[in-house]
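What follows is one structure encoded as structure tokens, with my remarks underneath.
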Amino acid sequence: MLRFAPSPTGDMHIGNLRVAIFNYIVAKQKKERFIVRIEDTDKERNIEGKDREILEILQLFNLHPDDVYYQSHNLTIHQHMAIKLLEERKAFACFCTPEELEREREAAKSAKKAYRYSGKCIKLSDAEVLANEKPFTVRLKKPENNVEFNDLIKGEQSFAPDDIDSFVIMRADKTPTYNFACALDDMIHDISLVIRGEDHVSNTPKQIHIRNQLGYDKEITYAHLPIILNTEGKKMSKRDDASSVKWLLEEGFLPEAIANYLILLGNKTPCEVFCLQEAIEWFDLAKLSKASAKFDIDKLRFLNREHMKRMDSKELSRAFGFADASIGELVKCYLEEGSTIKEIKPKIEAIFAAKPYDNEWKEQMEKLRDALNKTSTFETFDELKSYLMKETGLKGKNFFKPLRLLLTSAEHGPELSNLYPHLKSYLMEIVK
Ligand code: GLU
């Protein structure tokens with residue numbers, strides 16, 4: 001079983017979407033289930049409605065989960081497991097206050113040393129624990145030996161006990177920390193492979209240690225994906241608009257193109273333009289580059305145009321808020337003029353809008369409009385052209401400029417003869 005485990009704490013980042021896509025693809029390849037687990041145990045950081053937003057984005061990208069779980073529903077199991085670890089003396093109650101710990105952290109920082117927990121509360125006896133009425137956290141004792149795993153992308157990894165440290169598994173409010181809940185849920189859900197972002201590499205030995213201490217011996221394989229960099233070579237953060245999936249969609253990038261781009265990024269693929277179903281046939285995690293990849297919006301723009309070209313015209317029309325296939329065809333004529341829905345949509349809407357007569361072509365436009373209103377539609381652009389030229393006596397620039405304005409509201413654009421076949425059934429609606 002594979003899983004995508006987002007936290008409902010902000011807009012979905014393209015790095016998260018990439019993780020979701022890869023988990024989905026590999027689940028399909030292995031014919032295993034793909035589940036979504038909303039990691040909602042950090043109540044202070046949760047944002048109302050973000051879970052639904054994440055699920056809607058997954059639907060939009062056709063990443064349909066076999067099941068959706070909320071981590072908070074497993075709270076009783078998390079608590080029972082913490083009690084088990086306490087009983088077995090693998091974990092201990094820690095009464096250090098946040099202020100005390102912060103002071104220790106600051107001291108380590110000034111001494112230019114990595115912070116490590118002092119180990120103070122490990123020594124408390126049961127009687128001392130019971131006599132203390134103050135709130136406490138639960139810490140798991142650090143391992144005795146290095147924790148090692150073979151990452152499918154990063155290769156052999158080894159972490160020393162001190163780097164894992166005796167870390168908190170239950171907060172003072174008796175909710176599990178991310179590492180504890182995540183390690184347990186991967187066990188409960190029988191996860192076989194975890195694909196996630198590189199920022200989690202240092203959490204992995206902690207999660208393995210938790211499961212080892214609980215006697216879970218089934219191995220979970222890990223693949224940590226390199227981070228995505230912005231054009232300045234820094235990790236793409238909230239400050240980069242393009243890091244938000246919602247922003248990209250609002251900018252008018254198609255889900256198909258975004259998914260294509262995220263699969264292509266830092267990868268060796270047999271072709272450049274493809275859909276999710278095609279990627280399932282050849283995708284190979286081992287071919288992903290170990291190095292971070294740079295986000296290139298121009299490449300995404302190129303792919304967006306390619307996907308609009310490929311798209312069924314009716315579907316494309318719907319993506320633009322219309323219904324007829326001919327509008328989809330019309331959009332395809334405008335791919336030289338723009339590469340996103342946001343850029344092309346105003347041009348399509350201008351075709352159906354009231355036309356601008358307050359310009360040097362006013363007189364000619366009126367002549368053409370009157371001529372058009374006198375007749376019915378013509379099959380080809382040439383027929384229309386001959387009729388209008390004869391009827392109005394206009395020719396050359398005096399004919400084409402005003403006709404273009406009358407049909408599209410714009411002075412420049414695609415060849416009218418290319419647009420006409422897709423416009424002709426709306427001619428009466430357009431000429432106003
Ligand atoms: N909830 C974590 C996050 O959103 C992901 C954890 C994981 O994949 O293990 O970063």
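Indexing begins at 1, ligand by ligand and atom by atom, following the structure's order. Throughout, residue positions are numbered sequentially from 1 according to the sequence presented. Since the model is a prediction, treat every value here as computed from it, not as a measurement. These values consider heavy atoms only, across backbone and side chains, with no hydrogens, waters or symmetry-generated copies.
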Those atoms of ligand 1 less than 4.0 Å from some heavy atom in [X]:
X	result
Arg3	7 (C), 8 (O), 9 (O)
Glu39	1 (N), 2 (C), 5 (C), 6 (C)
Cys182	9 (O)

Note to self: For Arg116, I'd like to know if atom CZ has over 12 heavy atoms of other residues, nucleotides or ligands within 6.0 Å.
What the structure shows: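 Atom CZ in Arg116 is packed in, count exceeds 12.
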Notebook entry, point to check: Does atom CD of Glu102 have more than 12 heavy-atom neighbours from other groups under 6.0 Å away?
Noted result: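 Enclosed: over 12 neighbouring heavy atoms sit under 6.0 Å from CD of Glu102.
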Note to self: Tell me the protein heavy atom at minimum distance from atom 9 (O) of ligand 1, and give that distance in Å.
What the structure shows: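 That would be Arg196 NH1, 2.6 Å.
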Notebook entry, point to check: Of all the non-hydrogen atoms in the protein, which one sits nearest to atom 5 (C) of ligand 1, and at what distance?
Noted result: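 Checked against all protein heavy atoms, atom 5 (C) of ligand 1 sits closest to Ala5 O, 3.2 Å.
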Note to self: My understanding is that we take every heavy atom of each candidate and find the minimum distance to atom 10 (O) of ligand 1. Doing that for Gln71, His200, Gln207, which one comes out nearest?
What the structure shows: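 Ranked by closest heavy atom to atom 10 (O) of ligand 1, first place is His200.
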Between [X] and [Y], is there a donor-acceptor pair closer than 3.5 Å when you use the side chain of the first and the backbone of the second?
X	Y	value
Gln79	Lys174	yes
Lys355	Ile351	yes
Ser110	Glu106	yes

Margin query: Please work out, at 4.0 Å between heavy atoms, whether the side chain, the backbone, both, or neither of Tyr178 comes within that distance of ligand 1.
Written below: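 It is the side chain that gets close, since no backbone atom is under 4.0 Å.
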Item checked: Spacing of Arg139 atom CZ and Phe92 atom CZ [to the nearest 0.5 Å] ->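 Going from CZ on Arg139 over to CZ on Phe92, the span is 6.0 Å.
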